[in-house]
Amino acid sequence: MPEGVIAIGAIRCLWALFWGKIPLASINETKWPGILAIVLYIVSVQTKNIIWLPLSIQPALCAVLFMLAGQKAQEVGLFDKGALPPALWVCTLMTWLYCGAFYGQLYMVSNTYQHGAIDVIGGICGAAVLIKLSGLTSERLPAATRLLAWIGRNALPLFRIHLVVLNAAPWSVLFTWCDAHSIAVWPIMLAAHVVGSSVLTGVLYVLPRGG
C-alpha cells in the first residue's frame, strides 16, 4: 500500500470480493473471459504505483483472475473424485511448494506480485490443493474435521477478530520472552493469534443475540 494511504483494515477482503464480482460477471458475458481477466490483472498491477484507488478496487481487479480460475474449476468438476489423476495433483502440490519456497512474495492486500505469473500460478495451485485436501479429509475423516468445519462456518468473525488480538495482545512482553529464551518470534505470534482469535470468537458465538 502506498505511503500515506490509510488502511481499511480486515474488511478489505469484503470490498475486494464485492468489486471483483462486478467485472467477473461482465467478462463472463464475453467470448474471452480469460484474456480480459489477464488484462485487468496487468492494468491493476501496473497502475498501483501511479494511483491507489480506494476500497480495495485494484486488489479486486487482480482477484478477478483467481475468481475466474475457481469458477472454471467448479464448472468442469475439477475437484470431483477421479476428475484428475493423482500424479497431476502431486505435480500441483509440488508447483505450489516450489513457488512458495523460492518466491513467495504475493501480497494481495497491497497488490504485490513480485514475480508476476509465478505468483499467480503458485497461488492458484495452492488454493486448488487445499480445496482438494479439505474434500478428502472431510470424506475420510469426518470426525477429525469438525473443528475445521466450525472454523469454516466462523471464518469471517475469526478473521475480523484477529485485529483485536493484534492490537490488544502484549506483543512486547512476548517478544522479550522469546529473545530471552532464544525462541523464534513467529510461532509465538501465530499461536497467540490462533488462541486469542478462537477464544474471542467463541465468546461472541455464545453471547445472546438480540431478537
Side-chain angles (χ1 to χ4, degrees), residues 10 12-42 44-45 56 59-109 111 113 115-160 162 194 197-198 201 205:
R12 56 97 186 165
C13 63
L14 298 180
W15 281 113
L17 181 62
F18 171 78
W19 293 116
K21 284 189 172 183
I22 295 175
L24 178 63
S26 298
I27 65 175
N28 276 330
E29 300 297 323
T30 70
K31 295 181 179 179
W32 312 282
I35 294 176
L36 292 175
I38 293 173
V39 170
L40 289 175
Y41 169 85
I42 293 173
S44 180
V45 170
S56 292
L61 296 180
C62 282
V64 170
L65 185 57
F66 294 90
M67 295 167 69
L68 181 65
Q71 173 187 288
K72 296 302 180 183
Q74 186 177 28
E75 289 176 358
V76 302
L78 181 68
F79 303 108
D80 293 345
K81 188 175 183 179
L84 293 178
L88 193 52
W89 280 113
V90 172
C91 290
T92 304
L93 171 63
M94 298 307 296
T95 300
W96 173 36
L97 295 177
Y98 176 83
C99 292
F102 295 99
Y103 299 95
Q105 295 182 1
L106 188 163
Y107 299 99
M108 297 188 76
V109 63
N111 236 30
Y113 298 82
H115 301 285
I118 293 179
D119 288 332
V120 175
I121 292 170
I124 291 175
C125 287
V129 168
L130 290 175
I131 292 172
K132 184 63 176 180
L133 289 177
S134 297
L136 290 174
T137 304
S138 178
E139 177 186 341
R140 301 183 181 183
L141 300 169
T145 57
R146 290 173 184 169
L147 176 61
L148 294 178
W150 181 86
I151 292 174
R153 289 192 299 270
N154 296 278
L156 194 58
L158 274 169
F159 186 62
R160 300 298 165 267
H162 92 278
V194 171
S197 297
S198 299
T201 302
Y205 185 80

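This one's a predicted model, so the numbers in the text were calculated from it and none came from an experiment.
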Counting only pairs under 3.5 Å, give me each side-chain donor-acceptor contact of residues 59-82, with atom names and distances, residues two or more places apart or in other chains.
unit_1, atom_1, unit_2, atom_2, d
Q71, OE1, N28, ND2, 2.9
Q71, NE2, N28, OD1, 2.9

Report the residues that fulfil side chain to side chain donor-acceptor pair (under 3.5 Å) with S44, sequence neighbours left out, ordered by chain and then residue number.
-> N111

About how many Å separate OG1 of T95 and CD1 of I124, when rounded to the nearest 0.5 Å?
-> 12.0 Å

Separation between CD1 of I35 and OG1 of T30, rounded to the nearest 0.5 Å = 9.0 Å

So, do I118 and F102 sit near enough that their side-chain heavy atoms are less than 4.5 Å apart?
-> no

If you round to the nearest 0.5 Å, how far is CG of L136 from CD1 of I131?
-> 12.0 Å

Mind telling me whether W15 and F18 have parallel, tilted or perpendicular rings, with 30° and 60° as the class edges?
-> perpendicular

CD1 of I22 to CG of L17: how many Å apart, nearest 0.5 Å?
-> 10.5 Å

Tell me, which pairs form a salt bridge (charged side-chain N to carboxylate O under 4.0 Å, His left out) where one or both residues lie in residues 115-141, sequence neighbours left out?
-> none

CG of L106 to CD1 of I121: how many Å apart, nearest 0.5 Å?
-> 12.0 Å

Answer yes or no: is there a donor N or O on one side and an acceptor on the other, between the side chain of S134 and the main chain of L130, under 3.5 Å?
-> yes

